[in-house]
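Any value given below was found using the heavy atoms of this structure, including those in side chains, with hydrogens, waters and symmetry copies removed.
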Amino acid sequence: MSRSFELAVLCTISLLLTCTTAAGLLPADTGSLKAPGADGEPVRVSVGFLLVDILDIDGVRQTMRADFSVHLSWKDESLAGRWPGRHALGVGETWVPDIQIVNDINLARKRREVVEVEPDGTVTYRQRYFGDLSVNMNLEDFPTDSHRFDIKFVSASPGEVEFVAREDRVIQAETLSVLDWRVGAGDLVMEQVDIGYATSPGFTFRFPADREGRYFLWKMIFPLAMIVFMSFAVFWIDPTQIEAQMGVASGAMLTVVAFLFSMSALSPKVPYQTRLDRYTFLSIALIFLALMEGVLSSRLAGYGRETAARRFDLTCRVLFPTVFVVLTLIIFLR
């Protein structure tokens, strides 16, 4: 009785193991964790890339929020013919290229960590990423700047793989969520990446983007120009009216300080001057000089030289706007 019971238990366990293995629930009959290249040759891995969306490019924090997908495929002869149809394996059950995203900050994976094996041994790994990446931006031309943005991948095992671009699988969504940038068509570039102790194969999805400067035109540049021209009103006030002249000039100075303080969050905090910084400095300097001109013309009138004061005002009516317009064009068009 006991031997029959033991035999029944063993048969049941064997049947369960057979069923779970056939269903792919156990890692039996999986591939090797060693790279499938012959005689130490690098494994040829074809790369596809899908740019799903760019949600934000932050020049102040030097980050980019992106949604993208990577497609890797290679041939593993040790897996050929094991299954009659497409079969799924966990990433830890067979060899998979060990790739890292160089400029990753907090990317999250959106797909399961599995590979698909075809009957002929072709292995495919797909993964979708979403989150922030670091970007290197030179903002000297802000807010009319243009940049090249990279999503950079590198193999963590030098000499193990050779990446090849699949041009038919490099796709970019036609409509992107980012509104303050004009994003151009991207390209997938194969390259060698310096990882400190060696160079390793890698690939980079690179795309150009131009900042949409009209936002800053209406939010900062145009309002600041109005404040500057408001200060030029001192040239049209009779030099004997010193209170009126000082009221207009000092009011313009206080207005520009308050305006720049409120707009400081829009400006990148960099240790060098941008185009917007030079324009701001020009505006403040001309407002200050208009204030000084009002003081000088009032002093001339106070000493009885009203004709000279009015001539001084007349000259500044032409000189100051001309200097402001010419230097503004030089700043933004040079």
Side-chain angles (χ1 to χ4, degrees), residues 42-74 91 96-115 123-139 141-142 145-158 160-196 198-212 268:
V43 181
R44 189 179 178 89
V45 178
S46 64
V47 181
F49 189 93
L50 168 62
L51 181 62
V52 180
D53 202 1
I54 299 293
L55 290 90
D56 183 49
I57 299 175
D58 191 336
V60 176
R61 297 193 302 122
Q62 301 272 292
T63 61
M64 171 178 64
R65 178 160 295 180
D67 184 356
F68 58 93
S69 180
V70 178
H71 179 284
L72 304 177
S73 63
W74 62 95
V91 167
V96 176
D98 185 7
I99 61 170
Q100 298 178 358
I101 303 177
V102 177
N103 52 335
D104 173 18
I105 296 179
N106 59 354
L107 289 173
R109 290 177 168 87
K110 295 299 182 181
R111 292 174 59 97
R112 293 187 304 136
E113 288 289 300
V114 297
V115 296
V123 186
T124 301
Y125 172 75
R126 298 181 181 89
Q127 187 54 263
R128 183 171 178 175
Y129 300 88
F130 176 83
D132 293 335
L133 300 127
S134 64
V135 293
N136 185 18
M137 302 170 66
N138 186 337
L139 299 174
D141 291 334
F142 176 84
D145 45 332
S146 301
H147 303 275
R148 289 191 313 172
F149 294 99
D150 292 347
I151 302 176
K152 187 180 291 291
F153 298 79
V154 64
S155 170
S157 303
E160 190 174 69
V161 299
E162 176 189 356
F163 293 116
V164 180
R166 284 281 304 271
E167 298 297 338
D168 59 327
R169 291 187 178 270
V170 180
I171 305 170
Q172 179 173 323
E174 295 183 1
T175 304
L176 303 175
S177 298
V178 63
L179 298 178
D180 52 341
W181 290 84
R182 296 187 300 274
V183 178
D187 190 22
L188 194 61
V189 181
M190 305 293 111
E191 58 186 356
Q192 293 289 321
V193 180
D194 186 1
I195 57 175
T199 58
S200 187
F203 57 93
T204 300
F205 182 77
R206 180 170 296 146
F207 64 90
D210 301 325
R211 190 188 300 273
E212 182 56 76

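Between Pro97 and Tyr125 there is no side-chain heavy-atom pair separated by less than 4.5 Å. Annotation: side chain of Val178 is not in contact with side chain of Met64 (no heavy-atom distance under 4.5 Å).
Across all their heavy atoms, Ser200 and Val154 have their closest contact at CB-CG2, 3.9 Å. When all heavy atoms of Pro268 and Phe142 are compared, the closest pair comes out as CD-CE2, 3.4 Å. Heavy-atom minimum distance, Thr199 versus Pro158: O-CB, 3.8 Å. In plain terms, the two heavy atoms of Gln100 and Ala156 that are nearest each other are NE2-CB, 3.7 Å. Nearest heavy atoms, Phe163 versus Pro201: CE1-O, 3.5 Å. For the pair Arg128 and Asp67, the tightest heavy-atom approach, listed with the atom from each and the gap, is NH2-OD2, 2.7 Å.
Summarising the local packing, CZ of Arg166 is surrounded by more than 12 heavy atoms from other residues, nucleotides or ligands at distances under 6.0 Å. Annotation: Arg182, atom CZ; neighbour count of heavy atoms from other residues, nucleotides and ligands within 6.0 Å is above 12.
Not a single donor-acceptor pair under 3.5 Å links the side chain of Asp132 to the backbone N or O of Asn106. The backbone N or O of Val43 lies less than 3.5 Å from no partner atom in the side chain of Glu160, so there is not a single donor-acceptor pair. The backbone N or O of Val189 sits nowhere less than 3.5 Å from a side-chain atom of Thr204 that would complete a donor-acceptor pair.
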Could you list the donor-acceptor pairs under 3.5 angstrom formed between side-chain atoms of residues 48-60 and any protein atom two or more places apart in sequence or on another chain?
| from | atom 1 | to | atom 2 | distance (Å) |
| --- | --- | --- | --- | --- |
| Asp53 | OD1 | Ser177 | N | 2.8 |
| Asp53 | OD1 | Ser177 | OG | 3.4 |
| Asp53 | OD2 | Ser177 | OG | 2.5 |
| Asp58 | OD1 | Val60 | N | 2.9 |
| Asp58 | OD1 | Arg61 | N | 3.1 |
| Asp58 | OD2 | Arg61 | NE | 3.1 |

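In this structure, CG in Asp150 is found 7.5 Å from CD in Glu191, a value given to the nearest 0.5 Å. To the nearest 0.5 Å, atom OG1 of residue Thr124 and atom CG of residue Leu72 are 9.0 Å apart. Atom CG of Leu107 and atom CG of Leu133 lie 4.5 Å apart (nearest 0.5 Å). The distance from atom CD of Gln127 to atom NZ of Lys110, rounded to the nearest 0.5 Å, is 10.0 Å. Atom CZ of Arg169 sits about 13.0 Å away from atom CG of Leu188, to the nearest 0.5 Å. To the nearest 0.5 angstrom, Thr63 atom OG1 is 9.0 Å from Met137 atom CE.
Not less than 6.0 angstrom separates the ring centroid of Trp181 from the ring centroid of Phe207.
With Phe203 as reference, Val70 is the one residue of Val45, Val70, Val164 to meet the side-chain contact (heavy atoms from CB on, under 4.5 Å) rule.
Salt bridge absent: Asp187 and Arg206 never bring a charged side-chain N and a carboxylate O closer than 4.0 Å.
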side-chain contact (heavy atoms from CB on, under 4.5 Å) between Arg211 and Asp141, worked out: CA-CA 10 Å; Arg211 190 188 300 273; Asp141 291 334; over 6 Å; no
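Among residues two or more places apart in sequence or in another chain, the side chain to side chain donor-acceptor pair (under 3.5 Å) test is passed with His147 by Asp145.
Relative ring orientation between Tyr129 and Phe68 is described as parallel, the plane-to-plane angle staying below 30° on a 0-90° scale split at 30° and 60°.
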